[in-house]
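Encoded as structure tokens, the structure appears first; notes follow it.
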Amino acid sequence: MKDKIIISAKDIEVQFRVRDRFLTAIRNVSLDLYEGETFAIVGESGSGKSVFTKTFTGMLESNGKITNGSIMYHGQDLTKLKKEKDWAGIRGVKIATVFQDPMTSLNPIRTIGFQITEVIEKHQKLSKSEAKAQAISIMERVGIPNAADRFDNYPFQYSGGMRQRIVIAIALACHPEILICDEPTTALDVTIQAQIIKLIKDLQKELGFTTIYITHDLGVVANVADRVGVMYGGQIIEYGTVNEIFYDPQHPYTWALLSALPQLGVKGEDLYYITGTPPSLYNKIEGDAFAPRNPQALKIDFAKEPPFFKVSDTHYAKTWLLDPRAPKVEKPAAIQNLHEKILKMTAKGGAFHVGND
Amino acid sequence: MSAMTNRDVLLSLKDVEISFDNGGRKKFKAVQGATFDIYKGETFALVGESGSGKTTIGRAIMRINELSNGEILFEGKRISGKLSKQEDMEVIRNIQMIFQDPAASLNERATIEYCISEGLYNFHLYQNEQDRLVKVDRALEEVGLLPEHKSRYPHEFSGGQRQRVGIARALIMEPKLVVADEPISALDVSIRAQVLNLMNKLKNEKGLTYLFIAHDLSVVRFIADRIAVIHLGRIVEIAETEELFAYPLHPYTISLLSAVPMPDPVIEKQREPIVYSETTEEKTGPDYEMREIRPGHFVYCNPEQAMEYQKAAESIKEG
Amino acid sequence: MERISEDNLFEFATFDEKESEHIAAPRYSYWKSVWRTFFKSKVTVFLSVFVIVLVAFALIQPLQSGYSPTVAPNINNADMKYLPPSAEHIFGTDNIGNEVWDVVWAGARNSIIVSFVSTAIIMVVGILVGAIWGFSKKMDKWMIEVYNVVANVPYLLLAMVLSYVLGAGLGTLIFVMTCIDWIYVAYFIRTQVMIIRDREYNMASKCLGTKTFTMIVKNILPYLVSVIVTYISREIPGLISYEVFLSYLGLGLGTNYASLGRTISQYKSFMTGYPHLFWIPVLVLAAIAISLYVVGQKLADATDPRTHR
């Protein structure tokens, strides 16, 4: 890769203390993020996707601790930062986060304008009127109609989608290098989701920040991501470019996630589905964490943790199926020839064809 | 298919209007002029975004919300408004609901056994204790859970398991109609498929009829026989599933369709969301009504728009 | 599971769909967690034992001592008056030659009985009325008016009138203490019920045809255990002090009942000459009220599932 690494997490382990027991939420996860890219982290709830990125901004809940590993960012190890003031120049400034529920990020009793200018004034030496002008221009930039008129409105006067636009505006007010989007559209309607994703992509093109996009929906990932990491049981189990993950997935869990999408369903037939629940992270996980839910698991999956096997220079997967000794297992029928299938669905006459051509 | 061959109407909404008091000020009309029939044995989907009134309609059928106009008929009998105790209990048995958020809709302080038995207790649908336990075990098994789960509490389960408990307790009543209010939208994508499959399986086994409320067209394409698209309290388009996807006519339906994310990076990166806004296109007025554009395919429009939609449908047909 | 050896490592394992439905986490039981949380702190355990012993002693000791405020066997024996605390007379003796030890425990016994019985009545009536009140929109309209009237009755005036009319006795005092307080509990419960009444799980119960009464018992009250315990833990020591206060003013128990309040009132004139006479009943009162309160608060904390970690 010719690109420059902007942040590098190595062997991160995170533990939580819950009811006198220890829960290992992240199990030795490493990730290099390249400048300007969008890296999507996909996983179901409890996979650790949010917890992992919270370590980048020191926002773990008080009962959680990074127990191993390092996060190198501009020559500084972020895992060594302990005090609030150490984070001052990083959290919200260099690394900003957009959360799922915009209402929790906004102060309900302050005007939208106040909340944006507050951030601008804190980090830039600007006069009141300059800050206001800049805030209005940011509001316009994130697509708030009549921004000047709506400057003095309160959060409750905005719709959910508009609030999320404001949260994005605040996150970008300090021109961060890294924007962490933690399920930013999960609480929003589908049509609004499409608009917010487009907004984030457009802003990224314009401002050049690096994006970490966390979601449980692979459909969204196809749209936003350059690279994808699939998380399961506190580990990244497969990563690669977005095309590699969709067209040539290797890990049975990635297969399952993709195949279970209702978009790929055929009426009258069962959807491909995953049984059971993610592993309990209280217990020590032996072997491949997905094995108990994988109908085609090998015996070794229960005994020994698979290493990362190299698929291509950019594509790695943690599954014994890539071992030369393993039997050949085909990916589920639903995702074979995925591109051709979707091409047919979105072409004229297909179920998801839109457009007036 | 079943909808085509067996056209007995199970539930019918006639010009239903539901309004809420907005803090004593102007009444807010959450639903206006909703008229549709649900046929026995079909899965009828109501698709719309937040604030569209889809959940309000579902709750009106469950008689949680009162109508301010119109009526709801079940098997030809009016079930909206005041009912006698006897009628009331009968309707409850026949119409059951699956809720959106399985975490919020189960009593956290009751065991799974109680949650599933609740309906049995209320209607005394068992001969003795042993019979009740047998019924609970069977209900658990039907949704893929284990007898050992009986003594657990809801919060010990995963989202998908909890939703299956929600399904089990509704179906133990042996209802005719099940109102499923976004039953999978609070679940992880990975377990949605299991719940959808289960709902399909149980429908076929028990001959159920579903009103499936959703915010997303990708799910209903898979599960529904007919679809009604609702926007800001108005049903704007009704058609059979294949028909709707082949000939999406109302601009809002098209906007919804364009927003479905496709799991294909090359294609998805080229797709542009089509934004629909009521303010730019006037979509209601005195001469607006549901007009049949193609056989069985209704769109809310005025006569001129009906002409345009007909033309649009023609051009799609010619390809 | 089948045996795994080196040479069959790459064979398929058997798969049981049901296997993944098992819940690995240990079983959760609300009440077990409550007691585990409660007994986790050594201080709480010590205090609980202390309270139980204190209350039990106060209930039993007077039966055995047979003390009655209407008899004073040593009233003419000057040697038995104003004795300081000693091994023989643990709390000393008072101005009429009675054992302060006996006087105090007899008083404490009545205070405790009055407060426990009153609290029980207040809570039962309050919870019942409040739960129905919270559910019924029709009832809410007129109950609010009842609340406004009852809650504004001057307490002391009522206590005075009632003790004149009904005569100062145990029953009267319990009536005085309960006839107003229940409405506060009812109002409190009504507000709590209204908060959780419209939650989705209650809507679900309604859709299953569950009757209001069953919903109160199964859906509402279990969620209110913590707030009810909190309320009780304030009410019991509060009423003990209140009994003392009323009796101190002469509005509580009649002269033929032992009472901590009247004892304190009678002994207050000896505060300078024989301070132990005044301070001993005050300290016993404080010990009972404070330890009951603290233990109650700990129990209230333990009943809150958020503390079950």
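Below, chain A is the first sequence line, B the second, and so on; all start at residue 1. This structure is a prediction, so every number in the text was calculated from the model and none was measured.
Of the atoms belonging to Ser185(B), not a single heavy atom falls under 4.5 Å from chain A. For a residue to count as touching a neighbouring chain, one of its non-hydrogen atoms must lie under 4.5 Å from one of that chain's; by this rule Leu187(B) touches chain A with the backbone only. Using a 4.5 Å cut-off between heavy atoms, Thr346(A) contacts chain B through its side chain alone, with no backbone atom that close. With a 4.5 Å cut-off on non-hydrogen atoms, Ala312(B) does not touch chain A at all. Interface remark: Tyr272(A) contributes backbone atoms only to the contact with chain B (heavy atom separation under 4.5 Å). If you measure heavy-atom distances from Ile335(A) to chain B, you find no contacts under 4.5 Å at all. For Arg221(B), the parts lying near chain A are the backbone and the side chain together; criterion is any non-hydrogen pair under 4.5 Å. Contact of Leu256(B) with chain A is made through backbone and side chain together, with heavy-atom distances under 4.5 Å. Both the backbone and the side chain of Ala351(A) come within contact range of chain B, each with at least one heavy atom under 4.5 Å from a heavy atom of that chain.
Partner of Leu46(B) under the side-chain contact (heavy atoms from CB on, under 4.5 Å) criterion, chosen from Ile38(B), Leu211(B), Thr55(B), Val220(B): Leu211(B).
Distance check: Phe212(B) CZ to Ile227(B) CD1 gives 10.5 Å after rounding to the nearest 0.5 Å. The CD atom of Glu340(A) lies 9.0 Å from the CG atom of Asp264(B); values are rounded to the nearest 0.5 Å. Asn204(B) contributes atom CG, which lies 6.0 Å from atom CG of Asn200(B) (distance to the nearest 0.5 angstrom).
Relative to the six-membered ring of Tyr247(B), Arg294(B) meets both conditions, a distance below 6.0 Å and an angle of at most 45° to the axis.
Interface residues of residues 146-160 of chain B toward chain A, defined by a heavy-atom distance below 4.5 Å and sorted by number: Ser158(B).
A side-chain donor from one of Glu268(B) and Asn223(A) sits under 3.5 Å from a side-chain acceptor of the other.
The six-membered or imidazole ring of Tyr300(B) lies away from that of His250(B), with a centre-to-centre distance of 6.0 Å or more. In this structure, His251(A) has its ring center no closer than 6.0 Å to that of Tyr232(A).
Between Glu272(B) and Lys198(A) a salt bridge is recorded (basic side-chain N to carboxylate O distance below 4.0 Å). Using a 4.0 Å cut-off between charged side-chain N and carboxylate O, Glu44(A) and Arg293(A) make a salt bridge. Using a 4.0 Å cut-off between charged side-chain N and carboxylate O, Lys203(B) and Asp225(B) make a salt bridge.
For the set Ile245(A), Asn243(A), Leu258(A), the count of heavy-atom pairs under 4.5 angstrom toward chain B peaks at Asn243(A). For the set Ala193(B), Pro263(B), Ala259(B), the entry with the most heavy-atom pairs within less than 4.5 Å of chain A is Pro263(B). Of all the listed residues (Pro265(B), Pro261(B), Gly144(B)), the one sharing the greatest number of non-hydrogen pairs under 4.5 Å with chain A is Pro265(B). When the candidates Ala256(A), Ala225(A), Gly349(A) are compared by the number of heavy-atom contacts under 4.5 Å with chain B, Ala225(A) comes out ahead.
Classification of the Phe245(B)-Phe352(A) ring pair by plane angle, with boundaries at 30° and 60°, yields perpendicular.
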